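Have a look at the structure below before the remarks.
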Amino acid sequence: MRENDPPVLILAPAGRDAEVAGTILEEAGLRAEVCADLPALVARLDEGSCAVLTEEALRASDRHGLAAYLAGQEPWSDYPFVLLTLRGTPPEARLMESLGNVTLLERPFHPATLVTATRFAVRARRRQREAAAFLHERQQTAERQALLIRELHHRVKNTLATVQALLGASARGATSVDEFYQGFSARVISLAKTHNLLTEDYWQMASLQEMLENELGPYNDEAGKRIALKGPLVELTADLAVPTGMAIHELTTNAAKHGALSVPEGRITVTWAVDQGETGRRLRLDWTERGGPRTAEPTRKGFGSTLLQRVLTMQCGADIRFDFKPTGLHFRMEAPLVEHRTVPHY
């Protein structure tokens with residue numbers, strides 16, 4: 001039995017049957033837990049590897065709770081039972097049918113027989129749990145792929161909107177075709193750097209400062225006063241860099257469409273810090289807009305804000321908050337900083 005295997009549940013209320021069975025299994029390295037009655041056993045089934053129980057204990061109990069549990073099992077689950085019967089007495093067909101995945105063991109039996117039957121049951125349950133974990137991982141992978149496809153489509157639309165905004169900003173500040181071309185090209189190249197940063201080697205470390213500069217840099221003025229970035233050097237692992245890059249992109253696009261970057265006098269300040277908490281280091285980032293159109297709470301949640309909620313909170317364990325002040329949007333994110341780890345390539 002593996003150390004992380006749940007205990008074997010035992011229901012044998014007559015005499016010393018439970019004590020003897022538990023001792024046999026413990027001596028063989030199988031953790032055992034004795035249950036007082038059938039309801040107590042049913043309540044512990046999810047935390048057990050299998051159940052060893054006597055036929056007379058089933059006969060004398062109300063089996064509706066057990067039947068309900070077995071009927072409600074997940075498709076991957078077929079709970080294993082070892083049923084102890086009396087030699088020469090055929091077991092009731094109804095009991096066999098109600099348990100489903102059951103191994104019969106006639107008493108009296110050699111201790112090794114009980115150990116072998118129980119080990120088979122424990123191994124069967126372990127394989128079921130492994131199958132459940134595999135199915136859950138596949139489902140999560142499918143959900144992530146669907147989300148990424150939606151995000152890709154959304155990002156393309158946002159990128160086109162961003163390019164359009166950069167076009168307008170370049171045209172307003174240019175006095176000649178050549179000046180417009182140079183300014184517009186530089187801004188598009190800066191935008192492309194962010195995409196390269198997020199789509200290169202998945203396991204690279206990414207600079208938070210660089211991610212912000214790549215997204216917001218194209219909107220800065222010549223004096224560098226429209227965008228203010230202030231914070232320590234922070235390198236993010238991809239697990240946090242990719243979602244944070246998505247968030248910065250969404251915030252920048254929203255600011256270009258509706259916020260501070262949609263008007264020449266708009267300003268954005270981004271500050272960040274690293275705090276040492278009880279559970280480790282945490283990144284705290286504040287995004288503050290001012291000088292743009294008057295801000296109000298949106299009447300509906302768009303895909304961008306939904307993406308931030310799902311990706312940042314579910315994937316990164318981040319706490320995020322939107323404050324739609326009349327003077328401009330204030331966004332705060334607090335997320336745990338995961339240390340860099342090396343992942344093998346296959």
Side-chain angles (χ1 to χ4, degrees), residues 1-140:
M1 186 174 186
R2 298 178 182 174
E3 290 184 1
N4 59 344
D5 280 331
V8 176
L9 306 178
I10 299 176
L11 177 60
R16 298 180 60 249
D17 288 349
E19 180 183 350
V20 172
T23 301
I24 292 172
L25 296 179
E26 292 282 356
E27 289 178 351
L30 295 162
R31 286 194 298 130
E33 179 180 316
V34 176
C35 299
D37 51 33
L38 187 58
L41 180 137
V42 172
R44 293 286 294 155
L45 286 177
D46 284 335
E47 286 75 39
S49 284
C50 67
V52 176
L53 63 167
T54 60
E55 184 178 5
E56 58 269 21
L58 281 183
R59 284 204 196 100
S61 303
D62 184 345
R63 298 190 293 274
H64 285 90
L66 177 60
Y69 175 88
L70 295 177
Q73 293 183 97
E74 297 288 341
W76 56 266
S77 177
D78 189 13
Y79 206 91
F81 294 91
V82 177
L83 184 62
L84 307 182
T85 65
L86 293 175
R87 188 179 300 277
T89 304
E92 291 186 15
R94 290 182 304 168
L95 291 181
M96 299 286 292
E97 185 177 351
S98 64
L99 292 178
N101 183 11
V102 58
T103 300
L104 291 180
L105 200 59
E106 288 188 343
R107 291 172 289 176
F109 48 75
H110 192 277
T113 306
L114 175 62
V115 171
T116 300
T118 304
R119 279 181 172 158
F120 274 121
V122 170
R123 189 178 299 116
R125 189 60 174 172
R126 187 191 306 145
R127 294 290 181 265
Q128 292 174 22
R129 293 185 184 278
E130 290 171 353
F134 174 74
L135 292 174
H136 180 66
E137 183 179 354
R138 286 193 60 182
Q139 181 179 1
Q140 285 190 320

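Bear in mind the structure is a predicted one, so any value in this text is a computation, not a measurement.
- Between Ser49 and Pro80, the shortest heavy-atom distance links the atoms O-CG, 3.7 Å.
- Residues Leu45 and Leu9 meet the side-chain proximity criterion, which asks for heavy atoms closer than 4.5 Å.
- Between Gly22 and Ala32, the shortest heavy-atom contact is CA-CB, 4.1 Å.
- Taking all atoms of both residues into account, the shortest heavy-atom contact from Leu38 to Asp62 is CD2-O, 3.6 Å.
- Leu104 places none of its side-chain heavy atoms less than 4.5 Å from the side chain of Val82.
- Residues meeting the salt bridge (Lys or Arg N to Asp or Glu O under 4.0 Å) test with Arg123, sequence neighbours left out: none.
- Between Arg94 and Glu97 there is no salt bridge, since no side-chain N of the basic residue sits under 4.0 Å from a carboxylate O of the acidic one.
- In this structure a side-chain-to-backbone donor-acceptor pair under 3.5 Å is present from Asn101 to Asp78.
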With salt bridge (Lys or Arg N to Asp or Glu O under 4.0 Å) as the test, would you mind laying out the steps for Arg59 and Glu56 before giving the verdict?
CA-CA 5 Å; Arg59 284 204 196 100; Glu56 58 269 21; 5.3 Å; no
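- At most 12 non-hydrogen atoms from other residues, nucleotides or ligands lie less than 6.0 angstrom from CZ of Phe134.
- Classification of Arg31 and Glu26 as a salt-bridged pair fails, no side-chain N sitting under 4.0 Å from a carboxylate O.
- Residue Glu47 places its CD atom among more than 12 non-hydrogen atoms of other residues, nucleotides or ligands, all under 6.0 Å distant.
- The shortest side-chain heavy-atom distance between Leu11 and Val52 does not fall under the 4.5 Å cut-off.
- One distance of note links CD of Gln73 with CG of Asp46; it measures 9.0 Å at 0.5 Å rounding.
- With a 4.5 Å cut-off on side-chain heavy atoms, Leu83 and Thr103 do not count as touching.
- Of all heavy-atom pairs between Leu66 and Phe81, the closest is CD1-CZ, 4.0 Å.
- Within the 4.5 Å cutoff, side-chain heavy atoms of Arg63 are placed close to those of Leu95.
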Could you walk me through whether Arg125 and Ser77 pass the side chain to side chain donor-acceptor pair (under 3.5 Å) test, one step at a time?
CA-CA 8 Å; Arg125 189 60 174 172; Ser77 177; 2.8 Å; yes
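- Residues Leu30 and Arg119 form a side-chain contact, since some pair of their non-hydrogen atoms from C-beta on lies under 4.5 Å apart.
- Of the inter-residue distances, the one linking Asp17 atom CG with Ile10 atom CD1 reads 10.5 Å to the nearest 0.5 angstrom.
- A donor-acceptor contact shorter than 3.5 Å is absent between the side chain of Glu27 and the backbone of Ile24.
- With hydrogens and angles ignored, the 3.5 Å screen pairs a side-chain donor or acceptor of Arg87 with a backbone N or O of Pro108.
- Atom CD of Glu106 and atom CD of Glu55 lie 10.0 Å apart (nearest 0.5 Å).
- The minimum heavy-atom distance between Ser98 and Leu70, with the atom names listed, is O-CD1, 3.0 Å.
- By the 4.5 Å heavy-atom criterion applied to side chains, Tyr69 and Tyr79 are counted as neighbours.
- In this structure, Asp5 pairs ionically with Arg126, as a charged nitrogen and a carboxylate oxygen lie closer than 4.0 Å.
- Using a 4.5 Å heavy-atom threshold, the side chains of Val8 and Val122 count as touching.
- Closest approach of Pro13 and Thr54 over heavy atoms only: CD-OG1, 4.2 Å.
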